[in-house]
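First comes the structure, then the notes that go with it.
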Amino acid sequence: MTAPLPLSTELSRWLREAAWMRWPELKDRDVPWDVVPATRPEFGDYQCNAAMSAAKLLRRAPRDLAAELLAAAGSHPAVGHVDIAGPGFINLTLNTAWVELALDSLSADPRLGTPRPGEGQTIVMDYSSPNVAKPMHIGHIRSTVIGNALDRIHRFLGYRVIADNHLGDWGTQFGLLLLGFREFSNLTAYEAEPIEELERVYVLSYQRSQEDPAWLEAARAELVKLQQGDPAARALWRSFVDHSLREFDKIYQRLGVQFDLVRGESWYNDRLPGVIQRLLDLGLARESEGALIVDLSDEGLPPCIVRKRDGGYNYATTDIATVLARCEEFAPSSIIYVTDERQQLHFRQIFAIARRLGVQCELRHVWFGLMRLPEGTFSTRQGNVIKLERLLDEAEKRALEIVRANSPDLPEEQQRAIARAVGIGAVKYADLSQNPQSLVVFTWEKALAMDGNSAPYLQYACARIASVLDKYAERFPDRDWARAPIRLQEPIERELGVRLLQFAEAVLQAAAACRPNLLTDYLYNLSQVYSRFYQTVPFLRAPDGVRESRVRLSAGVAQALRTGLSLLGIETPSRI
RNA sequence: GCUCCCGUAGCUCAGCUGGACAGAGCAUCGGAUUUCUAAUCCGAUGGUCGCAGGUUCGAAUCCUGCCGGGAGCGCCA
C-alpha cells in the first residue's frame, strides 16, 4: 500500500474540501485551512487553526464552526480522534494503527514517500561563482554550500537542474592582470601556486596603477586588446582561467560539488551587442550622460546602466545576456541565483529588465548575509582573508583528533576517511543550519562546531543505527527485521514514528523556501528523538517481534538521516 | 537623503505567509554506562523576544515611529 503523503498536505486537503463544501462563500477568502504539526504534545499530532479566522468572516462562534467543520469532514483513516480546544483549535490525534501501516510502506521506500513535483521542469541554478585569479576564501562557502544543497534538493524532487558556475572571468581587472603578469610574474611560482601568484601580481599592478597614470593607461590598452580578441592576450587570459579552475576544482572535489556548466561571464561576451540592440529596438534603453541606461523608475528602482560612456559593457549587460541565453537554451521554469546580500538591488534591476524583454520564467534571487570577521569585513587589500582551503584543512585536523580519541582501534586510513566526512560535514552544516539571511560573523569555534546541533551529531546517530543493524544480523542470523510489522508501543516510539512520517514535508518546505535550514531543523529534531529512543528503549534485548519492529524503525530513521544529509551534501560513514 | 536586512537566554542561533505557558546548542551546576557506539541521555539554572505605539479573540511574527548594527544606491562585479 502507498500511504497518502505528505500527511499534512493530505489532512489539509481533507479539511479544506469539507469547509468549501460546507461554506462555499469562503472559497476565495483567505482562511488558513492548513493542518500543521501540533505545537505541543498534549494538543495531539496535528492541528488546524482555521476556525478562528473563519469565525470572523462568518460572524459565528469559532468553536461551533470547528464542530460543524469536523462533522462535514467526516472521518479520515489517518485520524484517530479529534478535539476542539481553547477558542477553537482543532486538534487531531493520529490513529496509531494507521501510522504503523504508513511506516511499514514508508520504511521500504528509499525516498520515504517524497513526491517528485518537479518532473518535467528545469531549473537553472547559479551558485558559487568565484572570481578567476583570486583564491576562494571563507566568504565563498555560503554560496557554494547553500547553492549546492538547493541544487541537490531540487534534483531529488524531480527537477532537471542545470548547475552553472558563473565564474567572474571577465572585466576590468584583467587589464591590470595581463600587464602586471608580463612585468612581475615568476613562472615557477605561477606553475606551483597559480592563484597566489596571480594575486601577488595583481596587487603589485594595482599599486603601480595608483601611482603611475601611464601604467593605468597601458592596462586599459591591454583590456581592449583582450576584448578585441588579440591572440596573445587571449592566450594568457585563458591560462589564468584554466589555472584558476584547476585550483577551484580541488576545493569542489573536497566539498563534493559538481557543476553541469562552468560558463564564465566571458562566455556571453559575443552576445552583449545583441542585447543592447534589443533594448534599443524595444525602446527600453536611452542615453544619459553618455551612458546607455534602462529607466526603471516606474518600478521604484534606480536606472540601470547597460553600456558605459566609453562604449564598454558591464556586469548588468552580461547578466541580462545570461538570462536570455539560459531561457533560450534550457527553457527553465525558474532560474535561481545564490549570492550575497549586496546584489539584491542589482538582481531586482536585472529581473525587471528581463521581464520587459519578455522573459516568462520565474527569476529568483536567494541571497544570504555577507560573512564578516569579528573585527569587520575582510578584503584582499587588508590581508585578513581566511582561505577556504585552510578552513577545510583545520576542520579535518580537528575531526581527526576526535576520531583518534574515540576510535583508536580503527586503521589510520579509515580514521582519515571518517575525519574528512565529519570535518567537512561540520563546516557545511554550520552554514546550512542557519537562516541564510542572517548576518554571519565568522569564528573558528562556530564554523567547526562538532557537538550539539551539528553534522557529527547526526552522523553519530546514523553510525549507531548501522551498528545496531550489524549486531542484529550477527545475533539473529535467521530472523529478518525488514519483514516485521512496525508496532508503536512506547510513547517515545510513537513520537519517533510520527516524526519520521514528516520527512517529505521537511524536504518540500526547504525547497519551496529555498532554505536548507528547514531541513537541518527537521533532521536534528529527528535525531534528538532517536537518541532519546535509543537511550530509553532496549531493542536487541526486546522480545521477538518488538525487537524487529524497533530495528526496522531505526533503519527507517537511518534512511531519513542518510537521505536528508545527502541532500545537504553531507556524508554518513557507517562508523564514526 | 532613499532602499533592503538584522536586533530573541551570559554566548551562538532556531522560531517570523499571527495561534494555545518563547525553543535548541554552548557555557554553569547535578545525575545516568555489568546491556545495542557516553561524539549520547536525563534534570536544574537562565529571556521586559531592541524601545514605544497600533491592528487582532490572539503579535517574537503584521503596520508605524524611534534607537543600535550591517549592506546597497549610474558607468567595479
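Reminder, nothing fancy here: chain letters follow the sequence lines and each chain counts from 1.
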Quiz item: For D30(A), which residues count as a salt bridge (Lys or Arg N to Asp or Glu O under 4.0 Å) partner, sequence neighbours excluded?
Solution: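 Salt bridge (Lys or Arg N to Asp or Glu O under 4.0 Å) check on D30(A) returns nothing, list empty.
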Exercise. Just grab all the salt bridge (Lys or Arg N to Asp or Glu O under 4.0 Å) pairs involving residues 43-62 of chain A, residues at least two apart or on different chains.
Key: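 Residue pairs with at least one partner in residues 43-62 of chain A: D45(A)-R494(A), R60(A)-E68(A).
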Quiz item: Which side-chain hydrogen bond (donor to acceptor under 3.5 Å, both in side chains) pairs, counting each pair once, include a residue from residues 284-294 of chain A, with sequence neighbours left out?
Solution: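 Output for this query is empty, none listed.
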Under-3.5 Å N/O pairs linking protein and nucleotides 6-8 of chain B:
none

What pairs with [X] under ring-ring contact (aromatic ring centres under 6.0 Å, His included), at least two apart in sequence or on another chain?
{"X": "Y268(A)", "value": "H166(A)"}
{"X": "Y46(A)", "value": "none"}
{"X": "Y534(A)", "value": "F539(A)"}
{"X": "F368(A)", "value": "none"}

Practice problem: Examine A39(B): is either OP1 or OP2 under 4.0 Å from a nitrogen or oxygen in the side chain of N406(A)? Give yes or no. | Solution: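 Checking N406(A) against A39(B): at least one side-chain N or O falls below 4.0 Å of OP1 or OP2.
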Self-check item: Watson-Crick and G-U pairing of RNA chain B written in dot-bracket, each distance under 3.5 angstrom, with | for inter-strand partners
Solution: (((((((..((((.....[...)))).(((((.......))))).....(((((..]....))))))))))))....
Exercise. Heavy atoms under 4.0 Å is the rule here; annotate nucleotides 54-63 of chain B 5' to 3' with B where the base is hit, S where only the sugar-phosphate is, and - elsewhere.
Key: --SBB-----
Quiz item: Tell me, for nucleotides 25-37 of chain B in 5' to 3' order, what letter each nucleotide earns: B for a base near a protein heavy atom under 4.0 Å, S for only sugar-phosphate near one, - for neither?
Solution: SS--------BBB
Quiz item: If you take atom types as modelled and just measure distance, does the side chain of N525(A) reach the base of A14(B) with a donor-acceptor pair under 3.5 Å?
Solution: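 By the distance-only test, no, there is no pair.
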Quiz prompt | Donor-acceptor pair present, Q344(A) side chain and A71(B) base, under 3.5 Å | solution =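 Checked by distance alone, the answer is no.
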Practice problem: State plainly whether the residues E217(A) and R220(A) are in salt-bridge range, i.e. N to O under 4.0 Å. | Solution: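 Judged by the 4.0 Å cut-off on N to carboxylate O distance, E217(A) and R220(A) do form a salt bridge.
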Practice problem: Report which part of the nucleic acid V403(A) touches: base, sugar-phosphate, or nothing (heavy-atom distance under 4.0 Å, all strands). | Solution: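 Answer is base: heavy atoms of V403(A) come under 4.0 Å of a base.
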Quiz item: For the pair made of CG in N49(A) and C1' in A20(B), what is the distance, rounded to whole Å?
Solution: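 Taking CG of N49(A) and C1' of A20(B), I get 9 Å after rounding.
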Self-check item: Set of residues satisfying side chain to side chain donor-acceptor pair (under 3.5 Å) with respect to S433(A), sequence neighbours excluded
Solution: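 If we apply the side chain to side chain donor-acceptor pair (under 3.5 Å) test to S433(A), skipping adjacent residues, there are no hits.
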